[in-house]
Novice: 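Sharing a structure with you now.
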Protein chains: 2
Amino acid sequence: MPFHPACHSYEPVTIADRLFLDLRRAILEGDLPAGKKISEPELANIYGVSRGSLREAISKLENCNLVTRRPNIGARIVSFSIDQLMEIYQIREAMEGMAARLAAKNMTEPELAHLKSLVARHKDSLAHTERTTKTDYSQDADLDFHFCIIQGSKNQRLLTMLCQDLYDLVRFYRMRLSPAFSSTAMQEHELIVQALERRDGEMAELLMRYHVRASRDRAKQRLESMSPEELGNHH
Amino acid sequence: MPFHPACHSYEPVTIADRLFLDLRRAILEGDLPAGKKISEPELANIYGVSRGSLREAISKLENCNLVTRRPNIGARIVSFSIDQLMEIYQIREAMEGMAARLAAKNMTEPELAHLKSLVARHKDSLAHTERTTKTDYSQDADLDFHFCIIQGSKNQRLLTMLCQDLYDLVRFYRMRLSPAFSSTAMQEHELIVQALERRDGEMAELLMRYHVRASRDRAKQRLESMSPEELGNHH
DNA sequence: TGAACTAAAATTGTCGACAATTTCACGTCT
DNA sequence: AGACGTGAAATTGTCGACAATTTTAGTTCA
């Protein structure tokens, strides 16, 4: 039942921190609709905090690219756009490809074992369960898979750039598209793990780039088959 | 004589914005030494602003990865580390490689012409001038080159991630290493431009990745030949 | 001498009030 | 009716003061 902390898994010691986590969750889960303007006095009243703390939380949300601010105008939740989603996939192809290459070199054996068990569980769940609650779990498992590899790269900056600056956006879109996780994608995951086991960085990067590119194509295909109303819901 | 705005090229309409630009410049140029703790009351007095505005500026500096904050402890300027520099090069290899690939497809003819003239001027300057003021100009020219290609990728998110989240750090290190720009690097630039002219994305990516990797190796070699005192100056 | 406790000083976090700017509503003019 | 200008209302930016936490300095005790 976790919200999937990934990064941002620190204790909210200060009011602004707790507010940031609450608002982040609200945005990702759709409580605060995409594209909506944020009213500082209104939100400050709702959460029972001062405007100063709220502004600090909004500033953190801006770092995650979940809101955009303009001076003297205000902040608004990031809005849904197919083009932006495709841009994100292109960046993930490059960065996660590099992460896989580095992980093949730097991942520890326990980390590899953990990744393997994760994929095995995932495969099991995909084979044995009905389609009912599959998507939810699969999506989390997918994020876990990518997170493990990024962490295994042992490049701290790469980790923070992906987790802090990009993955919140990934969740933002994922929550609004609720795509089915295909068995094809899981097979791609397995191939990547095999390359990592062989410590073949070159191949791991190629396979990861292919996987992200294929995921992008699948997402695009799904989006183009969706009705305009379905897409419009999120604006 | 520009400070090289790259991104962040907006008018500082608010006090916190101007403060942010001033502090950013101070950090990059070494007025605020690396690793130093930021005293909010002290800085607020120096710049003659309230602590609130200063805190907002610090928050923006945190986005640029130029300072790190810990709750109830405070903010300090990012500190110099060879490992971190190497991490940044790895990320640049992946992201700028992708940028070159996309630029080969999406760059407009005027943009390409501008890039060509930029490299030509660069080559000229490297051939005709003495070594005196060469490095300064060359460094800016190098950044301009990379910036042009990133911009030519037409991936807005890639542009902001590189310019806002990474390139300030690149400048931070560049200003403290003051490396000579080699004619080798310039030849690599020329090869990349030729690939872009042919609209050969595959080759452009390969050449850019090679260029970034070679630059990393050159930087590492320079660093290892520096004395510990030289390196220690920046802590 | 040095480790541990204590109180004072300094620093960061939080808040409410005021100033500057934007947004909205109304009335006027063409 | 619609465009334009004006003033009020609302929103954001800025500030100084207070509260909570951390750091420091000093003292005591083993």
Side-chain angles (χ1 to χ4, degrees), chain A residues 8-24 26-27 31-79 164 235, chain B residues 8-24 26-27 31-79 164 235:
Chain A
H8 300 306
S9 60
Y10 58 95
E11 280 303 300
V13 57
T14 181
I15 290 183
D17 278 342
R18 178 167 24 249
L19 239 181
F20 162 67
L21 290 178
D22 286 351
L23 288 176
R24 190 173 81 109
I27 293 173
D31 285 347
L32 292 173
K36 183 187 180 185
K37 182 172 186 306
I38 290 179
S39 166
E40 292 185 4
E42 183 185 338
L43 268 191
N45 270 332
I46 290 178
Y47 285 91
V49 298
S50 80
R51 260 184 63 225
S53 301
L54 175 66
R55 282 167 67 86
E56 191 143 336
I58 291 178
S59 191
K60 290 173 188 293
L61 289 172
E62 198 183 7
N63 301 16
C64 302
N65 298 307
L66 289 180
V67 312
T68 57
R69 277 179 90 179
R70 284 193 306 170
N72 282 319
I73 304 280
R76 55 176 60 243
I77 315 286
V78 71
S79 56
Q164 282 188 13
H235 281 231
Chain B
H8 300 306
S9 59
Y10 58 93
E11 279 304 300
V13 56
T14 180
I15 288 182
D17 279 341
R18 177 167 25 248
L19 240 181
F20 162 67
L21 290 177
D22 286 351
L23 288 176
R24 189 172 82 109
I27 293 174
D31 286 345
L32 291 174
K36 184 185 181 187
K37 182 171 185 310
I38 290 179
S39 166
E40 291 184 4
E42 184 186 337
L43 267 191
N45 270 332
I46 291 178
Y47 285 90
V49 298
S50 81
R51 259 185 63 226
S53 300
L54 175 67
R55 282 167 68 86
E56 190 142 338
I58 291 177
S59 191
K60 289 174 190 292
L61 289 172
E62 199 183 6
N63 300 16
C64 301
N65 297 307
L66 289 180
V67 313
T68 57
R69 280 179 88 180
R70 284 193 307 171
N72 282 319
I73 304 279
R76 53 176 63 242
I77 315 286
V78 72
S79 55
Q164 282 187 13
H235 280 232

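Quick caveat: nothing in here was measured; it's all calculated off a predicted structure. Below, chain A is the first sequence line, B the second, and so on; all start at residue 1.
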Novice: Check side chain to side chain contact (heavy atoms under 4.5 Å, CB included) between A:N65 and all other residues, then give those that pass, not counting sequence neighbours.
Specialist: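 In terms of side chain to side chain contact (heavy atoms under 4.5 Å, CB included), with neighbours along the sequence ignored, A:N65 is linked to A:D165, A:L169, B:R157.
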Novice: Checking A:N72 now: which residues fulfil side chain to side chain contact (heavy atoms under 4.5 Å, CB included) with it, not counting sequence neighbours?
Specialist: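 Once residues adjacent in sequence are excluded, the partners of A:N72 under the side chain to side chain contact (heavy atoms under 4.5 Å, CB included) criterion are B:V13.
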Novice: Going by side chain to side chain donor-acceptor pair (under 3.5 Å), name the residues that satisfy it together with A:R76, two or more places apart in sequence or in a different chain.
Specialist: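 Listed in chain order: nothing, the list is empty.
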Novice: Using the closest heavy atom to pick a nucleotide of DNA chain C for each, name whichever of B:A75 or A:R51 lands nearer the 5' end.
Specialist: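 Its nearest nucleotide being more 5', the pick is B:A75.
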Novice: Decide side-chain contact (heavy atoms from CB on, under 4.5 Å) for B:D17 and B:K60; before the verdict, give the C-alpha distance in whole Å, the side-chain angles of both, and the deciding distance to 0.1 Å.
Specialist: CA-CA 9 Å; B:D17 279 341; B:K60 289 174 190 292; 3.3 Å; yes
Novice: Please name all residues satisfying side chain to side chain donor-acceptor pair (under 3.5 Å) with A:E42, sequence neighbours left out, ordered by chain then number.
Specialist: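 For A:E42, no residue satisfies side chain to side chain donor-acceptor pair (under 3.5 Å) once neighbours in sequence are set aside.
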Novice: In chain order, what residues pass the side chain to side chain donor-acceptor pair (under 3.5 Å) check against B:S59, with sequence neighbours excluded?
Specialist: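 Expected list: A:S59.
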Novice: Walking along DNA chain C from 5' to 3', note the first and the last nucleotide with an atom under 4.0 Å from a heavy atom of chain A, and give both.
Specialist: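 Span of nucleotides near chain A: C:dG13 to C:dT23.
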Novice: For A:R69, give me all partners under side chain to side chain donor-acceptor pair (under 3.5 Å), at least two apart in sequence or on another chain.
Specialist: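 Partners of A:R69 by the side chain to side chain donor-acceptor pair (under 3.5 Å) criterion come out as none, since no residue qualifies.
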Novice: Tell me, please, which residues at least two apart from B:N45 pass side chain to side chain contact (heavy atoms under 4.5 Å, CB included).
Specialist: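 Testing B:N45 for side chain to side chain contact (heavy atoms under 4.5 Å, CB included), a comparison that skips the adjacent residues, returns none.
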Novice: What are the residues of residues 37-50 of chain A, sorted by number, that bring a heavy atom to within less than 4.0 Å of DNA chain D?
Specialist: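 Per residue number, the list reads A:K37, A:I38, A:E40, A:P41.
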Novice: Could you say whether A:P71 or A:A16 is positioned toward the 5' end of DNA chain C, judged by the nucleotide with the nearest heavy atom to each?
Specialist: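 Comparing both residues, the 5'-ward one is A:A16.
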